[in-house]
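Only one structure is covered here, and it is reproduced in the block below.
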Amino acid sequence: MKVKIVNNSPFGLPSYSTPLSAGMDLRAALSEPVTLKPLERMLVPTGLHIELPAGYEAQVRPRSGLAAKHGISIVNSPGTIDADYRGEIKVILVNLSTEDFVINPGERIAQMVVARHERVEWEEADELEASERGVGGFGSTGRK
């Protein structure tokens, strides 16, 4: 699948780290390092603009290594990029650790997954068909 992309950053295009990766790494389009303090959030530019085809979205997700090692995540995870959005892709990073985190220019800060989606047409009803789970919500299926 080919997708048009404009790269206004000095860094390369998003890329897959391994042949079977689902997500492409996004890099911080910064001119100098910035510090993300504990519990602080920051809108980090990528310099990228994309043109997705109708029926597709891009999801911006945290990088597991940054989350596990440094407590860096994304506030609105996953962030959704709609097919009709042409603005710059930016990542809302949050520092959930107790230590400052320095974001360096070109650092891989998130991953982006392009996925197909469907549009829903609601069909109003007075009741729904029964299911095995029923109305069981949070924790209703247990831990094992």
Side-chain angles (χ1 to χ4, degrees), residues 1-31 33-97 101-144:
M1 169 178 167
K2 292 191 181 277
V3 173
K4 289 182 182 178
I5 186 168
V6 172
N7 185 359
N8 291 324
S9 84
F11 309 106
L13 295 177
S15 61
Y16 298 101
S17 292
T18 68
L20 299 179
S21 294
M24 295 172 269
D25 289 328
L26 296 176
R27 296 182 179 276
L30 301 170
S31 56
V34 295
T35 299
L36 190 59
K37 297 195 174 306
L39 299 180
E40 184 179 34
R41 64 185 177 274
M42 181 182 297
L43 196 57
V44 181
T46 65
L48 303 173
H49 303 252
I50 59 175
E51 185 179 323
L52 293 170
Y56 286 85
E57 66 163 328
Q59 298 176 2
V60 179
R61 302 175 181 182
R63 294 192 68 237
S64 57
L66 284 180
K69 295 176 185 174
H70 304 286
I72 303 302
S73 193
I74 296 177
V75 176
N76 64 326
S77 179
T80 298
I81 302 168
D82 295 308
D84 57 355
Y85 178 68
R86 297 294 184 268
E88 181 180 7
I89 296 170
K90 295 182 180 180
V91 180
I92 310 170
L93 288 184
V94 62
N95 183 350
L96 299 174
S97 78
F101 180 77
V102 176
I103 306 167
N104 292 300
E107 185 164 355
R108 296 178 299 159
I109 56 167
Q111 57 182 324
M112 181 173 66
V113 174
V114 175
R116 185 184 298 270
H117 68 82
E118 297 293 328
R119 294 211 29 117
V120 171
E121 189 175 314
W122 295 111
E123 181 181 329
E124 290 193 60
D126 293 326
E127 59 184 78
L128 304 176
E129 289 185 30
S131 70
E132 184 178 329
R133 182 176 183 173
V135 296
F138 298 107
S140 66
T141 59
R143 291 182 65 184
K144 294 183 181 185

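Just so it is clear, the model here is predicted, and its values are computed rather than measured.
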Worksheet item: Counting only N and O atoms by type, is there a donor-acceptor contact under 3.5 Å from the side chain of E51 to the main-chain atoms of R86?
Response: no
Worksheet entry | Straight-line distance of L26 CG to S15 OG, nearest 0.5 Å | 9.5 Å
Item to complete: Under the side chain to side chain contact (heavy atoms under 4.5 Å, CB included) rule, what do H117 and T80 come out as? Steps first, then yes or no, please.
Response: CA-CA 12 Å; H117 68 82; T80 298; over 6 Å; no
Worksheet item: In Å and rounded to the nearest 0.5 Å, what is the CD1 to CG distance from I89 to L48?
Response: 5.5 Å
Discussion item. The criterion is side chain to side chain contact (heavy atoms under 4.5 Å, CB included); which residues satisfy it with L13, sequence neighbours excluded?
Written reply: I5, N7
Discussion item. Looking at every heavy atom in both R63 and Q111, which two are closest together, and how far apart are they?
Written reply: CG-N, 4.0 Å
Practice prompt. Carefully, step by step, assess V3 and Y56 under the rule side chain to side chain contact (heavy atoms under 4.5 Å, CB included).
Written response: CA-CA 11 Å; V3 173; Y56 286 85; over 6 Å; no
Response to the item:
Smallest heavy-atom separation, E40 atom then K37 atom, equals OE1-N, 2.8 Å
Response to the item:
Here the gap from I109 atom CD1 to K90 atom NZ, rounded to the nearest 0.5 Å, amounts to 11.5 Å
Practice prompt. Report the distance from atom CD1 of I72 to atom CE of M42, rounding to the nearest 0.5 Å.
Written response: 9.5 Å
Practice prompt. Would you give the length of the straight line joining atom CZ of F11 to atom CG of D25, rounded to the nearest 0.5 angstrom?
Written response: 14.0 Å
Discussion item. Please evaluate residues M112 and T46 with respect to the criterion side chain to side chain contact (heavy atoms under 4.5 Å, CB included), reporting the C-alpha separation (whole Å), side-chain torsions for both, the decisive distance (0.1 Å), and the verdict.
Written reply: CA-CA 12 Å; M112 181 173 66; T46 65; over 6 Å; no
Worksheet item: When rounded to the nearest 0.5 angstrom, what is the spacing between CD in E88 and CD1 in I81?
Response: 10.5 Å
Discussion item. Using every non-hydrogen atom in the two residues, find where I74 and P62 come nearest and quote the distance to one decimal.
Written reply: CD1-N, 3.4 Å
Worksheet item: side chain to side chain contact (heavy atoms under 4.5 Å, CB included) between N95 and L93: does it pass, once the steps are laid out?
Response: CA-CA 7 Å; N95 183 350; L93 288 184; over 6 Å; no
Item to complete: Indicate the atoms forming the closest heavy-atom contact of V94 with L36, along with that distance.
Response: C-CD2, 3.9 Å
Response to the item:
Looking only at heavy atoms, the pair that brings S77 and R61 closest together is OG-CA, 4.4 Å
Worksheet item: Looking only at heavy atoms, which two atoms of G87 and H49 are closest? And how far apart?
Response: C-ND1, 3.2 Å
Discussion item. Taking side chain to side chain contact (heavy atoms under 4.5 Å, CB included) as the definition, give me every residue that meets it alongside P10, ordered by chain and number, with sequence neighbours left out.
Written reply: none
Fill in: By side chain to side chain contact (heavy atoms under 4.5 Å, CB included) - contacts of Y16 (at least two apart)
S21, M24
